[in-house]
Amino acid sequence: MTSASGGKEARKDEIAELARRRGFLWLAFEIYGGAAGFYDYGPLGALLKRRVEEAWRDFYSREGFYEVETTNIAPREIFEASGHLESFIDRAVVCKHCKSFFRRGGGIDVSEKCPECGGELEAAGEFNLMFQTRIGVPKGEREERALKKSEGYLRPETAQGIFLNFQRLLRFNRDKLPFGVIQIGKAYRNEISPRKSLIRLREFTMAEAEVFVDPKEKNNHPRFDDVKDRKLRFVPGDGEEEEKSVEEAVRSGIIANEYLGYHIAKVEEFLDGIGIPEDRMRFRQHEPEEMAHYARDCWDAEFFSDRYGWMEIVGVADRGDYDLSTHASHSNVDMGVHVQPQVQGEVQAEAGKAKTKIIPHVIEPSYGVDRIIYALLESSFYKEQVGNEKRNVLRFKSEIAPIKAAVFPLLNRNELKIKARDVFQKLRDEAIFVEYDDSGSIGRRYRRQDETGTPYCITIDYETLEDDTVTIRERDTMEQVRVAIAEVKDALLK
RNA sequence: GCGGCAAUAGUCUAGCGGUAGGACAUGGGCUUCCCAAGCCUAUAACCCGGGUUCAAGCCCCGGUUGCCGCACCA
């Protein structure tokens with residue numbers, strides 16, 4: 001009865017079409033012709049995204065990490081310090097004649113001739129990928145300095161806001177390491193050619209955790225034992241894909257330290273928890289030249305898309321002390337932390353023992369929320385044959401489904417409708433997100449909910465009027481159980 | 001950014017230089033005791049801007065968006 005979806009082409013079109021039609025995802029500015037790289041979330045998309053973000057918050061709250069919310073716009077000097085002004089830039093040249101592309105910095109400049117055909121070169125797409133804006137009205141407009149001082153940029157990652165507040169956050173954590181801080185928010189990158197629906201956006205949502213740790217303690221994560229035996233698929237920068245336990249990966253040096261290993265394992269746990277299939281997930285290490293300017297090591301959690309192949313949905317980077325050190329030197333603020341000397345993880349608390357001062361290292365899991373939404377849509381979508389009819393179904397986990405349940409009167413008759421409305425309102429009052437529908441046949445209503453991923457449908461029939469029981473129909477199996485109205489809530493949340 | 005292809009109701013699509021048609025979906029009604037059934041009915045479209053022409057959804061030019069390839073993805 002149940003079969004996997006059709007061919008790849010059919011599948012991708014149907015997902016985009018379903019997402020549009022059912023109100024998950026719409027091209028932004030559509031009535032004015034749209035703009036590449038910008039999408040709006042419709043009602044169901046916004047709900048789905050909210051559920052994922054809430055699951056993420058809960059997940060990292062359990063790690064003891066507090067959430068902050070920092071600004072989207074920052075003055076120029078922040079990005080001078082962070083290195084984004086200098087490094088977050090695309091420098092390519094193209095030959096006017098033969099259209100060959102060359103990366104600049106690889107020894108090729110516009111003043112030279114094309115190595116392929118000797119034609120004239122021109123700069124192509126040479127600009128910083130950050131959106132520039134102006135903060136306030138520059139005084140003395142003519143003065144270059146005033147103009148430069150008023151330059152601002154939209155953040156290309158949420159992380160900087162956390163680094164800028166490091167001293168405050170350290171104090172908040174009573175001067176102790178390690179600690180983690182999380183943030184969910186928009187980031188902006190003026191991509192040259194955004195494509196692939198939610199995969200490359202110009203405005204997107206990131207969920208990032210910055211974990212600050214004493215560099216000497218990176219191989220001493222207090223809860224490493226919780227994750228050490230988990231087997232993950234790793235693709236090391238210089239090797240073949242292999243399945244290994246997290247502990248093996250760290251001990252054999254594939255993963256540089258326990259902190260990185262622990263957070264890679266946590267990423268897998270989160271993605272698995274929201275329903276990304278394990279067999280479509282792997283962890284791939286960046287090649288040295290692929291690494292961002294701030295990273296000393298980086299592992300991507302990749303999702304296998306039928307449409308696009310392997311694609312990054314989360315990056316876990318070891319940023320070392322890059323960010324705190326660079327902000328320390330640019331701002332002249334001390335980012336050092338006094339730590340007790342430790343022996344094998346035990347604090348030596350003897351009085352008088354001199355503390356040492358270190359710059360913490362940062363381990364950063366950085367989630368692309370929109371890409372995760374895409375991965376969920378694609379991996380949850382199934383086309384099935386039921387009797388002579390087809391059905392589209394989004395098999396979201398119940399916890400992240402936009403709508404929890406729908407309530408139907410079996411027939412379009414007053415006495416059933418009244419009762420169904422009662423049950424519907426009762427569930428709403430219990431803060432469960434439910435829908436009511438009495439249009440068309442019962443089968444049609446089931447199909448509608450299947451396509452929006454609603455895990456449960458509650459149907460009121462004549463038996464309900466006699467004994468206050470209803471049927472609950474489960475989305476994936478299409479099977480029904482009869483449950484007393486008083487127990488519906490628990491049944492939905494089980 | 002470059003090149004190729006494409007763009008018609010919510011969705012999928014038909015269309016000849018001369019009245020824009022269908023299917024599904026959606027709203028209303030009938031029917032229906034559990035999976036897109038049936039009947040009646042209603043709403044609803046030529047991406048944007050120029051040009052050619054008596055007349056353009058159709059031909060030409062430019063733009064936008066999408067798909068594919070190249071490049072890019074710190």
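Throughout, a chain's letter reflects where its sequence line sits, starting with A, and its residues are numbered from 1. Heavy atoms only: backbone and side chains are in, while hydrogens, waters and symmetry mates are out.
Aromatic rings of A:Tyr322 and A:His293 (six-membered ring for Trp) have centroids within the 6.0 Å cut-off, being under it.
A donor-acceptor contact under 3.5 Å links the side chain of A:Arg200 to the base of B:C72.
Here B:G10 presents its P atom at 13 Å from CD1 of A:Ile31, a figure rounded to the nearest Å. The distance from atom CZ of A:Arg371 to atom P of B:C73 is 13 Å, rounded to the nearest whole Å. Distance A:Ile199 CD1 to B:C68 P: 12 Å, rounded to the nearest Å. Per the geometry, CG belonging to A:Asp438 stands 15 Å off C1' belonging to B:U26, to the nearest Å. What separates CG of A:Asp437 from P of B:U26 is a distance of 9 Å, to the nearest Å.
A:Phe408 comes within 4.0 angstrom of no nucleic acid atom, judged by non-hydrogen atoms across all strands. Counting non-hydrogen atoms under 4.0 angstrom, A:Arg473 reaches a base of the nucleic acid. If you check every strand for non-hydrogen atoms under 4.0 Å, A:Asn412 touches a base. Heavy atoms of A:Arg21 sit under 4.0 angstrom from primed sugar atoms or phosphate atoms, though from no base atom.
Straight-line distance between the P atoms of B:A20 and B:A56: roughly 13 Å, to the nearest whole Å. Annotation: B:G28 and B:U19 have their P atoms spaced 35 Å apart (nearest Å). Separating the P atom of B:C47 from that of B:A9 is a span of 7 Å, rounded to the nearest Å.
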Q: Using the side chain to side chain donor-acceptor pair (under 3.5 Å) rule, take A:Thr459 and A:Asp461 through it: C-alpha gap first, then chi angles, then the decisive distance, then the call.
A: CA-CA 6 Å; A:Thr459 301; A:Asp461 54 23; over 6 Å; no
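Of the residues near RNA chain B, A:Gln480 and A:Glu312, the one whose nearest nucleotide (by heavy atom distance) lies more toward the 5' end is A:Gln480.
Applying the 4.0 Å criterion to OP1 and OP2 of B:A37, one finds that A:Arg444 has a side-chain N or O inside that range. Between A:Arg413 and the phosphate of B:C33, there is a side-chain N or O to OP1/OP2 separation shorter than 4.0 Å. For the pair A:Ser193 and B:G1, the criterion of a side-chain N or O lying under 4.0 Å from OP1 or OP2 is not met. Contact annotation: A:Arg307 side-chain N/O to B:C68 OP1/OP2 distance is under 4.0 Å.
A:Arg76 places no side-chain N or O within 3.5 Å of a backbone atom of A:Lys149 that could act as its donor or acceptor partner. A:Arg475 places a side-chain N or O within 3.5 Å of a backbone atom of A:Leu394 that can act as its donor or acceptor partner.
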